[in-house]
Structure formats: C-alpha cells, structure tokens
Amino acid sequence: MLSSSNAEVIVIGGGVVGLSVAWRLARRNLRVILLERGACGQESSWAAAGILAPGNPNFHGPMSEMHLESLDRYPDFAAELQETTGIDVEYQRCGRIELCATDQRYRMGLSEVRAAAERKTPDGQAVLEMLTLEQAKEREPGIGCDAFGALYCRVTARIRNTRLLKALRRACELAGVEIREECSVEGLLVEGGRVKGIAAKDGPLESDRVVLAAGAWSSQLHPRLEEVGRVFPSKGQAVLLHMENPPLSGIIKRKHCYLIARRDGHIYLGSSDEPEAGFNKRSTATAMSELMSAALEMVPGAASASVVNMWAGLRPHTDDNRPMIGPVPGLEGLIAAYGHYKTGLIFAPLTPRIVCDLIIDGRTDYDLSRCIPGRRGQDGSKPSRRRF
Ligand SMILES: Cc1cc2nc3c(=O)[nH]c(=O)nc-3n(C[C@H](O)[C@H](O)[C@H](O)COP(=O)(O)OP(=O)(O)OC[C@H]3O[C@@H](n4cnc5c(N)ncnc54)[C@H](O)[C@@H]3O)c2cc1C
C-alpha cells in the first residue's frame, strides 16, 4: 500500500531546478515534498560556473525567447531571494570578453554582432560588440595572449551558484517545503498511464502530481522516459584558484576555457565537456593540464594563484541540447524539468514559472514545442544538433 504523503506535489531532485520549482509551488500555497538522494545542491548545480549569458543571437525562436526572458528576470529573482532569505547571490552584470583565437571565430563573431544589432541595453548600448585586442585589454589589462578580436557581451552576468543554492534551500524551508534528504527515488509508480506516486528507498509515497528534476539521472526512473528523449551526463571539470589581487575583474573566455573573477579573490576556471565520461566524476590530469595551460596563456598573471579545489559536475544533456520541460506523454501527472545542459542556472527564474502554470492551471502561455518531452528528434527520429 502507498503511504499517504499529504503532498499535493512531489519534486524529485534538489538541484537548482528542483529547489526553484519547489519554492515557487510552495509560494503558490501547494504542499510540496522534495526528495533528494544525497544532500541538496551538491551535483551539477554546485559544480557550475555561474555565467548568465544570452544564447547565440543568430538563432531565434521560442527557446531563445525563453532564454532571454529568464535572463531579464534575474535581477528581480536575485533581489526576491535576498529579501526572503537575507542571502546575497552576488548577481552582477559584469560583461564577458571572448577572445577570438582564429580568423573563423572572429568572422562568426562579426556575424553574431550584426544579428544582435537591434538588441540594446536599457541605456541604448549595443548588447554585443567586436572589440580590438587593445580595447579588450583596456577593460581587462591581464589579457596576455594574441587574438583576432574580442567579442564583448555587455549583458552577460555572473552569480555565485553556491550561494544561490543556499538561498533557494532556505527559501524552500521558509515557504514550508518538506525537504527529505538522503532519500533516493527508485522509480515512478504508474497505473494505467497515470503517475500515482514514487517508490523511494524508505518506501512508496503517494501523489498524482510529480515533478522530475533529477538532472542527469532523470531518465533512469521509468522506461518511458528513455522513449520520450533521453538525458545523459556530460562531465564538466573545473578548478578553483585564489589570489589576493586577481588579474581580471569579469569573465574572459577563449575557445572552451573561461575564467571568472569572484568578489573575494577566487577565480573559477572551467571547463571541459566530456559526454563520453558517463557518470564518472573524477578530476583527470589531462583536463586539469589543458585548462591550466589555456588559462595561463590567456591571463599569464594567474600563474601565481593558489589552487584551492578541483571538481567535476555532470551536466544533464539531451540529444538536441534543449531541456525537457513539460508534461510527459504516456505518464499523466508527471512534469519534466530536466536536461538543461549548460543553462540550468540561467533558466532558474523561468522553469519554475512554466512548471507552476502546468501544475496549477494545467496549461501555459509559453511555447513549449521545442522543449516538450517527445518532441520531434526525441522520439526515435534523427535529432537536430542545432543549439537554441
Ligand atoms: C563545469 C560546469 C559549468 C557549468 N556552468 C554553467 C553556467 O555557467 N551557467 C548555467 O546556467 N549552467 C551551467 N552549468 C550547467 C548547470 O550546472 C546545470 O544545467 C544545472 O545545474 C542542472 O540543474 P539540475 O537541478 O537539473 O541538476 P543537478 O544540480 O545535477 O541536480 C539534480 C539533483 O537530483 C538528485 N537526484 C538524482 N537522482 C535522484 C533520485 N533518484 N532520487 C532523488 N534525487 C535524485 C541529485 O542528487 C541532484 O542533487 C554548468 C555545469 C558544469 C558541470
């Protein structure tokens, strides 16, 4: 027999997605139980860099619109969290400089600048601009390598994701979410195509509304989830450095390597992207050496930084790089909220809104055609590799 959980909604997973969804649902007066296999906020959401950047401006469509809307909502989202919990998530629009290492990247960057020409900041400045290397060095004097040019994205922001997770957890507690940690969900309980609850390590739990936010592990919970679009891990390795006077103030990127200056002298260095590593989270000598060499070529002054920590996280990746948000066909009552790949932090203000709409009103005004489970390319037909 199922134990009556008294929950109107069960949320599976305590990463940025599960916590932000649980908070929003509880703020709408629903009784929410969040089940987390380990401790909340210790997986991909913790490992992440905290860059809040617009998607590629060459691509338009519903996902790009949602991506941009979520970024626009960030200042209010961060302020609301601080007001509720007293925790400052260190949101700041610091801009991002991408050094173009090849002529091809430089030309592509110029076409991105043209495509984004209409986009302006509220005070009328271009969102995206191509700087000369000298102009880039005026902004970030620590740059030490050569480049064809430097793509400057004025609206890119940073947050301290570890603080964001603490704030979301606290906000959940204050809103009355029952958080059960060390509680692994082993499967979904389904009868006649309807979700009736979940099977957890401590026994079954009843609820006909379940939000699945278990990151890279999400599609392991029911065979149907593999059919509507699998999610798989894409390992990202990162290093944390520290210096009294860091030689950068914002975000500098070149190829796949980026450095982010934190407020307290820490510098985040990321990241690899290794889908072939599966669920293995080991830091490897190869990735560390590649990241370090690339970082020191870019900003030589970081050579004397202390290495504070290194780690890997598992980004929840899908075949077409788009998240799975929405009802799951064939599993009535289940709402997917996973597969955010490199954008889980970016979508933190928006994914919960969509999930709330679906749970409370049964519908949403957002166009989910490109992220709904079972969409074209996720149903056995050839997936599109195009990004947003
Ligand atoms: C190196 C790196 C850099 C990144 N940088 C950025 C960035 O700058 N900006 C950005 O937006 N995104 C970034 N990302 C991606 C971002 O981290 C993810 O998109 C986001 O964290 C996904 O959040 P999540 O809650 O879905 O997953 P997770 O944070 O992985 O959380 C899932 C949770 O579900 C739990 N869980 C799993 N299975 C079960 C189960 N059976 N029962 C109960 N609980 C379960 C897990 O323990 C985990 O706590 C980065 C990722 C990495 C690795």
Side-chain angles (χ1 to χ4, degrees), residues 10-22 33-55 67 70-71 74 96 156-162 164-165 168-169 179-188 198-202 205 210-222 231 233-240 251 253 256-258 260 268-275 277 279 281 283 287 291 310-318 321 323-325 336-352:
I10 291 175
V11 176
I12 307 172
V16 68
V17 178
L19 287 168
S20 56
V21 164
I33 294 186
L34 183 147
L35 305 174
E36 164 55 48
R37 189 181 52 184
C40 287
Q42 296 297 310
E43 291 290 350
S44 187
S45 306
W46 182 89
I51 301 175
L52 307 175
H67 186 125
S70 200
L71 289 176
Y74 241 100
R96 182 185 71 178
T156 295
R158 64 184 158 196
I159 46 145
R160 194 76 174 255
N161 37 309
T162 47
L164 176 70
L165 291 161
L168 283 171
R169 197 207 147 105
I179 298 176
R180 295 192 193 170
E181 293 182 309
E182 304 296 331
C183 181
S184 179
V185 174
E186 284 159 3
L188 302 174
I198 57 93
K201 201 178 71 182
D202 311 334
L205 209 58
V210 176
V211 179
L212 180 51
W217 298 266
S218 296
S219 52
Q220 297 174 351
L221 291 182
H222 194 275
V231 60
S234 198
K235 174 174 165 181
Q237 301 194 46
V239 186
L240 190 66
I251 304 171
K253 177 175 189 265
H256 299 297
C257 171
Y258 51 85
I260 309 168
Y268 182 105
L269 161 59
S271 63
S272 64
D273 196 5
E274 306 164 66
F279 286 95
K281 285 200 297 179
S283 295
L291 285 174
M310 57 184 78
W311 60 76
L314 302 175
R315 304 178 183 94
H317 199 172
T318 62
N321 300 322
M324 294 281 172
I325 310 175
Y338 55 86
H340 288 73
Y341 188 34
K342 296 185 174 179
T343 62
L345 301 173
I346 290 169
F347 271 77
L350 196 69
T351 302

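Because the structure is predicted, anything quoted here is derived from the model rather than measured. As a basis for the values below, the full set of heavy atoms in this structure was taken, side chains included, without hydrogen atoms, waters or symmetry mates. Whatever order the structure lists ligands and atoms in, that order sets their numbers, starting from 1.
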In this structure, which one of K235, K342, R315 forms a side chain to side chain donor-acceptor pair (under 3.5 Å) with S271?
R315
Below 4.0 angstrom, N of the basic side chain to O of the carboxylate: do R180 and D202 qualify?
no
Tell me: protein heavy atom nearest [atom], and distance?
atom                    : answer
atom 36 (N) of ligand 1 : A214 CB, 3.9 Å
atom 31 (O) of ligand 1 : G15 CA, 3.4 Å
atom 44 (N) of ligand 1 : R37 N, 3.0 Å
atom 13 (C) of ligand 1 : K342 O, 3.6 Å
atom 19 (O) of ligand 1 : Y341 O, 2.7 Å
atom 14 (N) of ligand 1 : A48 CB, 3.6 Å

Enumerate the atoms of ligand 1 whose separation from the nearest heavy atom of [X] is less than 4.0 angstrom.
X    : result
I346 : 11 (O)
S45  : 17 (O), 20 (C), 21 (O), 23 (O), 24 (P), 25 (O), 28 (P), 29 (O)
L35  : 43 (C), 44 (N)
V17  : 23 (O), 24 (P), 25 (O), 26 (O)
S271 : 1 (C)
E43  : 30 (O), 46 (C), 47 (O), 48 (C), 49 (O)
Y268 : 1 (C), 2 (C), 3 (C)
C183 : 43 (C)

Determine whether any heavy atom of [X] lies closer than 4.0 Å to an atom of ligand 1.
X    : value
A53  : no
G50  : yes
W311 : no

Run R169 and E181 through salt bridge (Lys or Arg N to Asp or Glu O under 4.0 Å) and show every step you take.
CA-CA 12 Å; R169 197 207 147 105; E181 293 182 309; 2.7 Å; yes
Taking both backbone and side-chain atoms of [X], is any N or O found less than 3.5 Å from an N or O belonging to ligand 1?
X    : result
A47  : no
Y258 : no
Q42  : no

G15 backbone acceptor or donor facing S45 side chain under 3.5 Å:
no
Going by the angle between their ring planes, with limits at 30° and 60°, are Y341 and H317 parallel, tilted or perpendicular?
parallel
Selected option - heavy-atom contact closest to atom 30 (O) of ligand 1, from A238, A199, S44
S44
Option whose closest heavy atom lies nearest to atom 42 (N) of ligand 1, chosen from T343, V185, I51, L221:
V185
Verdict with supporting geometry, I198 and L35, side chain to side chain contact (heavy atoms under 4.5 Å, CB included)
CA-CA 10 Å; I198 57 93; L35 305 174; 3.4 Å; yes
Apply salt bridge (Lys or Arg N to Asp or Glu O under 4.0 Å) to residues E43 and K281 and explain how you reach the verdict.
CA-CA 10 Å; E43 291 290 350; K281 285 200 297 179; 3.0 Å; yes
